[in-house]
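Below, read A as the first sequence line, B as the second, and so on, with proteins coming before strands; counting in each chain starts at 1.
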Amino acid sequence: MNWIDHESYMEIYPPKEFNFKECLIFLDRSNLEVLHQIKEGSVYKLIKVKESLILCKIGFINNVIKVEFPIGPPSIHFRKKAAEYIWEWYDLDQDLGAFYQVANQDKVLKNLAHKYYGLRIMCIPDLFEALVWAIMGQQINLTFAYTLKKRFVEQFGESLTFEGDTFWLFPSFEKIALINVDDLRKLQFTSRKAEYIIDIAKAMINGELTKELLLQKKDDQQIQWSLMRIRGIGPWTADYVMMKCLHYTSSFPVADVGLHNALRNLLDLERKPTIEEIEKYAADWEGWQAYATYYLWRSLYDKNI
DNA sequence: ATCCAGGAACTGT
DNA sequence: ACAGTTCATGGA
């Protein structure tokens, strides 16, 4: 992490290939999003370190990420944790130059890489949040997924209100481990998704399932296998979590409907491509399938193509 | 109305 | 192993 602490604010120095505005477009894709707010080019994000709530205002000036603390700066230890969170959130450890080398040789990715240069995967550093969000979104449209997330967060999450705006934290697994299926059925979760989510919360309470344990596995196959042993997690969810939480750039949610639609639009296909066809397009994406997928998702937000 | 949605488990063969 | 069915509801 490359940063400088100034006590009342922080500066984070991103790698060369970074476009804050492009990341904002992704963050701003749903007006039902409750885990951050965007105002005048800055992102407001509430995070929790130990028992402290830290409100961050994240802006971008002169190619530097500037982080301010509207409710006052926390101590240096917590500031560093906040900086680390933001570094991970924006996926700033990745060498996108390597991705662009791959993309520039590829028919499908070449234009996207140019058009969205500097876009990074907006990650979900918290494992529980990543898993729950993925499970919530299975087999429903994205708008409804956001509706479910909003209900879930506003029912079970902590919040902080500052100058009339309320900022929310994703619910903790400690809290969700104690609720029951009916609590989630009331929010229109299916019984199965409710079971999956509560079971995962319990597994995390027990310490059987942690981000650290997953990252200790010897390779990505082992991680994927560990995830897929959990009820409610299939190939798509495992890949999604590896991409958005564990920073595996080679993870590839190949069954993703958004990916299919993006390819159909981009290549002007009559129908959605089959898995086999997608694997042909992806033959040269080795190592960067997650970024390829993400850039294709991004293309779905340009209606005018 | 009708089809499909950022899938996965379950059931039957 | 593999295909078909069910979950459950909202969006377009």
Side-chain angles (χ1 to χ4, degrees), chain A residues 25-35 91 112 116 119-124 127 129-153 155 170 181-200 203 209 224-246 248-249 251-266 269-276 278-279 281-282 285 289-304:
Chain A
I25 290 171
F26 201 88
L27 290 177
D28 204 23
R29 72 195 159 135
S30 172
N31 50 17
L32 293 168
E33 177 61 68
V34 280
L35 294 179
D91 208 23
L112 298 175
Y116 308 132
L119 171 66
R120 283 168 184 269
I121 294 179
M122 292 309 305
C123 293
I124 306 176
L127 177 64
E129 180 184 337
L131 286 166
V132 172
W133 171 234
I135 289 169
M136 277 193 303
Q138 291 169 359
Q139 188 54 20
I140 58 174
N141 64 70
L142 206 51
T143 307
F144 185 43
Y146 271 107
T147 301
L148 289 179
K149 180 167 96 165
K150 180 172 157 69
R151 290 177 188 159
F152 184 75
V153 168
Q155 178 85 46
F170 197 79
V181 168
D182 282 343
D183 294 323
L184 292 179
R185 285 290 295 134
K186 287 175 195 154
L187 307 184
Q188 311 297 124
F189 285 66
T190 65
S191 305
R192 286 201 184 140
K193 286 186 183 178
E195 290 166 13
Y196 302 157
I197 288 166
I198 293 168
D199 284 351
I200 284 171
L209 174 61
Q224 188 170 35
W225 184 77
S226 303
L227 284 168
M228 286 178 55
R229 292 186 59 203
I230 300 167
R231 195 161 162 263
I233 302 181
W236 178 86
T237 304
D239 277 319
Y240 183 87
V241 168
M242 290 172 71
M243 163 186 182
K244 297 272 283 190
C245 182
L246 304 179
Y248 272 85
T249 59
S251 64
F252 191 20
V254 67
D256 183 84
V257 189
L259 173 67
H260 302 174
N261 287 329
L263 285 168
R264 188 190 53 188
N265 295 344
L266 203 66
L269 308 175
E270 296 281 328
R271 51 166 177 75
K272 285 187 290 187
T274 65
I275 301 293
E276 291 77 22
I278 294 170
E279 279 166 353
Y281 297 129
W285 301 353
Q289 293 92 333
Y291 262 87
T293 301
Y294 194 77
Y295 273 55
L296 283 160
W297 285 348
R298 169 64 182 83
S299 74
L300 292 169
Y301 296 97
D302 291 335
K303 312 267 185 191
N304 54 338

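Distance, R229(A) CZ to dA9(B) P: 13 Å, rounded to whole Å. Between the P atom of dA8(B) and the OH atom of Y240(A) lies a distance of 13 Å, rounded to the nearest Å. The distance between atom CE of M136(A) and atom C1' of dA5(B), rounded to the nearest whole Å, is 15 Å. The distance between atom CZ of R264(A) and atom C1' of dC4(B), rounded to the nearest whole Å, is 11 Å. Protein atom NE2 of H260(A) is 14 Å distant from nucleotide atom P of dC4(B), rounded to whole Å. Atom CG of N261(A) is separated from atom C1' of dA5(B) by 9 Å (rounded to the nearest Å). Rounded to whole angstrom, the span from the CD atom of E195(A) across to the C1' atom of dC10(B) amounts to 12 Å. In this structure, the CD1 atom of I197(A) is 13 Å from the P atom of dA9(B), given to the nearest Å.
Under 4.0 angstrom from either OP1 or OP2 of dA5(B) there lies at least one side-chain N or O belonging to K272(A).
Partners of V34(A) under the side-chain contact (heavy atoms from CB on, under 4.5 Å) rule, at least two apart in sequence or in another chain, are K150(A), V153(A), E154(A), W168(A). In this structure, the ring-ring contact (aromatic ring centres under 6.0 Å, His included) partners of F152(A), at least two apart in sequence or on a different chain, are F156(A), F170(A), F189(A). Under the side-chain hydrogen bond (donor to acceptor under 3.5 Å, both in side chains) criterion, D91(A) pairs with Q94(A), H247(A), Y291(A), not counting sequence neighbours. Partners of T293(A) according to the side-chain hydrogen bond (donor to acceptor under 3.5 Å, both in side chains) rule, which considers only residues two or more places apart in sequence or in another chain, do not exist here. Scanning for side-chain hydrogen bond (donor to acceptor under 3.5 Å, both in side chains) contacts around E33(A) gives K149(A), with sequence neighbours left out. Remark: N261(A) engages V257(A), R264(A), K272(A), L300(A) in a side-chain contact (heavy atoms from CB on, under 4.5 Å) (not counting sequence neighbours). Annotation: side-chain contact (heavy atoms from CB on, under 4.5 Å) contacts of N31(A) (sequence neighbours excluded): none. Partners of D256(A) according to the side-chain hydrogen bond (donor to acceptor under 3.5 Å, both in side chains) rule, which considers only residues two or more places apart in sequence or in another chain, are W236(A), W297(A).
Comparing A255(A) and R231(A) by the nucleotide of DNA chain B that holds the closest heavy atom to each, the one mapping nearer the 5' end is A255(A).
Contacts of L187(A) with the nucleic acid, taken as non-hydrogen atoms under 4.0 Å apart, are absent. Heavy atoms of L259(A) sit nowhere under 4.0 angstrom from any nucleic acid atom. Among the protein residues, P235(A) comes within range of the sugar-phosphate backbone only, with heavy atoms under 4.0 Å from sugar or phosphate atoms but none that close to a base.
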Study note, to complete from the structure: Symbol by symbol from the 5' end, with Watson-Crick or G-U pairs under 3.5 Å, [ ] crossing and | another strand, DNA chain C is |||||||.||||
Could you list the protein-to-nucleotides 11-13 of chain B atom pairs, N/O on both sides, closer than 3.5 Å?
none

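For W285(A) against F252(A), the heavy-atom pair with the smallest separation is CZ3-CZ, 3.9 Å.
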Scan the side chains in residues 225-232 of chain A for donor-acceptor partners under 3.5 Å anywhere in the protein, sequence neighbours excluded, and list what turns up.
unit_1: S226(A); atom_1: OG; unit_2: Q222(A); atom_2: O; d: 2.8
unit_1: R231(A); atom_1: NH1; unit_2: E195(A); atom_2: OE1; d: 3.3
unit_1: R231(A); atom_1: NH2; unit_2: E195(A); atom_2: OE1; d: 3.1

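Of the C1' atoms belonging to dA1(B) and dT9(C), the separation is 16 Å, rounded to the nearest Å. As rounded to the nearest Å, dG10(C) and dA8(B) have P atoms that lie 22 Å from one another.
Interatomic distance, D199(A) CG to L209(A) CG, rounded to the nearest 0.5 Å: 11.5 Å.
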Check your understanding: Going 5' to 3' along nucleotides 3-12 of chain C, which nucleotides have protein heavy atoms under 4.0 Å from the base (write B), which only from the sugar-phosphate (write S), and which from neither (write -)?
Key -> ---BSSSBS-
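Ring geometry for Y294(A) versus F26(A): interplanar angle of 30 to 60°, hence tilted.
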